[in-house]
Structure formats: structure tokens, C-alpha cells
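Step one of this worksheet: look at the structure below.
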Amino acid sequence: MDGFFTVPIDMSSPPCAVSTDRSKRALLTVFQPRLPTADRLLPYLRSIDASHWYTNRGPLLARFERALADHFAVTPDRVVGVANATAGLSASLLAGGSEDAGRNGRPLCILPSWTHEATAVAVLRAGLTPWFHEVAEDDWRLSPEMVADSLRGNPTLGARVSHVMVTAPFGAVVEAEPWRAFSDRFGLPVTIDAASGFDRLRGGPVDAVVSLHATKVLGIGEGGVVIARDAAQAARIRDLVQLGLSDERVIRQAGMNAKLSEYGAAIGLAALEIWSERRATLERLHARYAARLKGETGLSLWAPEGVSSTLMVRLPSRVAVETGQRLVAQGIATRRWWHAGCHRQPAFAAFPRQPLPITEALADSVLGLPFHEGLADADVDAAADTLRAVLPG
Ligand SMILES: Cc1ncc(COP(=O)(O)O)c(C=O)c1O
């Protein structure tokens, strides 16, 4: 597939070795996951040893959810730790009645095509069919106005829509309040896929889901968190990610097994201890890229509201693939994090979609550069300078 033109992420890769002689420098990896060290985990692991509570809503998960609630500025009863964000997104849709809607002639979920494939997979696993929509060129997001126009302009498909899933791209924020107003007006539940939005997301009046995957700023390996629109919705989601079992051990709606284990919660608690330090490093590296790339004609650096684990640049034309190849030949790995756009994936090609010229232009012109805490300032300078040098004249 053309999205992968450079080395895949190697979760076990050593730190980048920097040499002033570029020909001798090891490949500058595009991403290097950093999870808490074994030393930092040890106290939490010892508490698991002592409690013999390994999963199924244990004390560390409760503690982690309380800490996340503080971070997201909501009450703990709105926070549900889950096995991964994809499952959390599906659970949010299921809690909004996706399966009944699917069975009753409203199987469509509107979502952007400019998102990670996980968003579309989550829609399908919740019993819905994706209807891919175009994003705005300037902020890479769907807006309530764009979706309202689409519903009005396509009454036949519009009548079959039951849900909307909006993605907050690469550390960006999607304001929840306008989506609540949209949701009230059209009677459609909205879920925000804020997979990479940990830093700036604050709980709002629609469900939001954050990923805690190793590639995210607060990585625990595999994990996610749902910040539900209210406590009742959170309670439904909490049941749905333990098969659908309620506290009374009754299943009224079948869910899935997507619980976050005590080990996952332990890593999360340890990751929160080092979060502010990590955030500062990523912010500093982003600022260094911005300064180094400033003034390059036609090139724009994605500058989201919050820190992200990716550094995205929009190239002056649709040359992401060629530029990536030129950079890797110079020892700089890159990645098209969202590949070619969801609608171009064979598994999703048959689903309805709007014309998607902006999505296709973004997919062909947006590139992720090396970005992680293992980078020295000299690495950032090398990546930025090499990019400038290989851009087509
Ligand atoms: C936009 C988006 N949604 C969903 C996901 C899936 O997250 P997870 O791996 O936690 O299921 C990702 C992961 O990268 C993502 O970028």
C-alpha cells in the first residue's frame, strides 16, 4: 500500500544515534514510543501483587479514572477506562443505539474520510455503515454546518443517518458545544474521536474518546478512555465494555470485552507522573521545528491546540510520497499517519461518500516528520533542513 513508503515504527528501536556526518547517521526514526520505566511502575505492580486484583474494575483502574477525571475536568462518574480507543468509540455508538438504528433503516454514520482507519472500523463494529464526508481545508475537521448542509442536500441518504463521528486531528480540539446544538437539532448522537487529543480535551456535552496507545502522548501500550457526555451515558458504556453486564449481572444489551486491566491502569498512573515533563519536551521540539521551517514558501506546519505525538507538515503540492522517499534516502524517516484517506482503503471503498478532493489533497501532501523525546535539537534541525533541501523547486 502506498501509505507506507518508509520504515514501519519499530517499537523496540534504539535511540537515534546522531552523527555530524550524515552518511554515517542511523535512520532518524519517525516515532519512538516512551512508556514509564520499570522502576516507576514497580510500586503499582507491587500493589497489584498485594491485592491479587488483576482486571474487572479494580482499585488501580478506579484511581486512574479519578486522575483522568481531574485532567479532563469532569466528575469521575463520566470517565471509563477501556482496552483501546477503537472499542471506546464503538461503545459510545452502541450506547447511542447504533444497532437498533441499523436494524431500523438508519444504518449510516457520518464521519470524515480524513481520519485514522480505526474510526471507520469502530463505526462498522458498532453495526453502522460509514458515510465518508469531506473536511475543511484549513482546520482538517468536519463542522456542524458542513454536516447540516450535507443532510439537507442529500435527503435520501440523510434520512438513513443515525450517528455522527467527528475526528479531532493530531492533537487538535473539536469544540463540543456546537456539536451538542447540532445533536439536539437533528436528533443525532455525536461522538468525538479525540484519539490524539489527550492534552487539551476537556469534558463536554457529547462523548469524546482518547487513545492511550503507545503512539499517543499518554501511552500505556494499549488503552483508551471515554469521557462521556453525562454519568448515565458513562454507566451504559461501562457495562458495554464488560460484555453488557450490569452491576446486577444482567445483560440488556450485548457489548464487548474491552476492559482496561489493572496493569494498564498501573502504566497510566505512572505515565501521569511524568506527563508534564513529557509535554514540555514535545512542546519545545515543536517550537524548534516551527522556527527552523519558518519562511519556507508553501510549507505549513500543523499547529494544533494541544501537544501531539506527531509532527505534521503540509507540503506545497501533492508530493508526500516522493518527498518521503527522498527524505528516507537521506536518513530521515517519515510517515503518512493517515495513509491515503479511509475511502481509498479497499475494505471501505464501497461505502457512500461525498466528493473528497480536499481529503485526497491532504492525504497526498501531508507528511509526518520525526517527532519524539529521543530527538536531540540537532536531529530536529537535520530533519527540517533536509526537508527544505529535498522539496521540489
Ligand atoms: C483518529 C484515531 N482514531 C482512533 C484511533 C485508534 O486508537 P486505538 O489504537 O487506541 O484503538 C487512532 C489511533 O491512532 C486514531 O489516530
Side-chain angles (χ1 to χ4, degrees), residues 3-4 8-9 11 30-31 33 35 64 68 80-94 109-126 128 130 132-133 135 139-142 163-174 190-201 207-227 237 240-241 256-261 264-265 267-268 271 302 304-312 335-343 345 348 359 362-363 366 368 371-372:
F4 293 91
I9 293 173
M11 296 288 185
V30 73
F31 184 72
L35 269 66
F64 185 40
L68 290 170
V80 187
V82 292
N84 55 71
T86 310
L89 291 167
S90 292
S92 166
L93 296 175
L94 287 167
C109 177
I110 288 176
L111 75 164
S113 176
W114 183 234
T115 184
H116 192 279
E117 289 85 346
T119 321
V121 169
V123 166
L124 285 159
R125 294 286 78 88
L128 296 173
F132 292 117
H133 272 55
V135 292
D139 72 1
W140 302 1
R141 277 158 256 195
L142 286 181
H163 289 72
V164 178
M165 180 93 87
V166 189
T167 297
F170 306 111
V173 169
V174 164
V190 174
T191 300
I192 299 174
D193 177 347
S196 60
F198 175 80
D199 184 29
R200 281 296 146 98
L201 182 84
D207 289 354
V209 182
V210 172
S211 172
L212 306 175
H213 186 262
T215 51
K216 299 297 183 284
V217 286
L218 195 91
I220 67 169
E222 292 284 357
V225 53
V226 181
I227 304 93
I237 291 171
L240 283 166
V241 296
M256 65 191 94
N257 182 359
K259 301 185 291 289
L260 186 62
S261 76
I267 304 171
W302 178 243
E305 293 88 344
V307 300
S308 164
S309 53
T310 52
L311 192 290
M312 311 301 291
R335 191 155 170 130
R336 287 162 83 202
W337 283 101
W338 285 350
H339 314 134
C342 281
H343 65 288
Q345 288 286 8
F348 309 146
T359 297
L362 289 172
V366 172
F371 195 62
H372 52 85

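For ligands, and for the atoms within them, numbers begin at 1 and follow the listed sequence.
Between Pro169 and ligand 1 there is no heavy-atom distance shorter than 4.0 Å.
Remark: the backbone N or O of Phe170 is paired with a side-chain donor or acceptor of Ser196 at under 3.5 angstrom. The closest donor-acceptor contact from the side chain of Arg200 to the backbone of Gly171 lies at 3.5 Å or more, if one exists at all. Ser92 places no side-chain N or O within donor-acceptor distance of the main-chain N or O of Thr191, the cut-off being under 3.5 Å. A donor-acceptor contact shorter than 3.5 Å is absent between the side chain of Thr310 and the backbone of Met312.
Of all the heavy atoms in Ala120 and Cys342, the pair that sits closest is CB-SG, 4.4 Å.
Residues that satisfy the side chain to side chain donor-acceptor pair (under 3.5 Å) test with Ser309, not counting sequence neighbours, are absent from this structure. By the side-chain contact (heavy atoms from CB on, under 4.5 Å) test, Arg141 pairs with Asp139, Pro169, Ala172, Val174, Trp302, Glu305, sequence neighbours left out.
Given atom 3 (N) of ligand 1, the protein heavy atom at minimum distance is Asp193 OD2, 2.6 Å. Considering only non-hydrogen protein atoms, atom 5 (C) of ligand 1 sits nearest to Ala118 CB, 3.5 Å. In this structure, atom 12 (C) of ligand 1 lies nearest to the protein heavy atom Ala195 CB, 3.7 Å. Counting only heavy atoms of the protein, atom 10 (O) of ligand 1 lies nearest to Ser211 OG, 2.7 Å. In terms of protein heavy atoms, atom 11 (O) of ligand 1 is closest to Thr86 OG1, 2.5 Å. Here the heavy atom of the protein found nearest to atom 16 (O) of ligand 1 is His116 CB, 3.4 Å.
Summarising the contacts of atom 13 (C) of ligand 1 with His213, Glu222, Lys216, the nearest heavy atom is found in Lys216.
For ligand 1, the polar-atom distance check finds an N/O of Ala85 within less than 3.5 Å of one of the ligand's N/O atoms. For ligand 1, the polar-atom distance check against Thr115 finds no nitrogen or oxygen pair separated by under 3.5 Å.
Within the 4.5 Å cutoff, no side-chain heavy atoms of Val241 are placed close to those of Val226.
Shown in contact with Gly223 at under 4.0 Å from a heavy atom are these atoms of ligand 1, numbered in order with element: 10 (O). Close contacts of ligand 1 with Thr119, meaning ligand atoms under 4.0 Å from a residue heavy atom, involve 3 (N).
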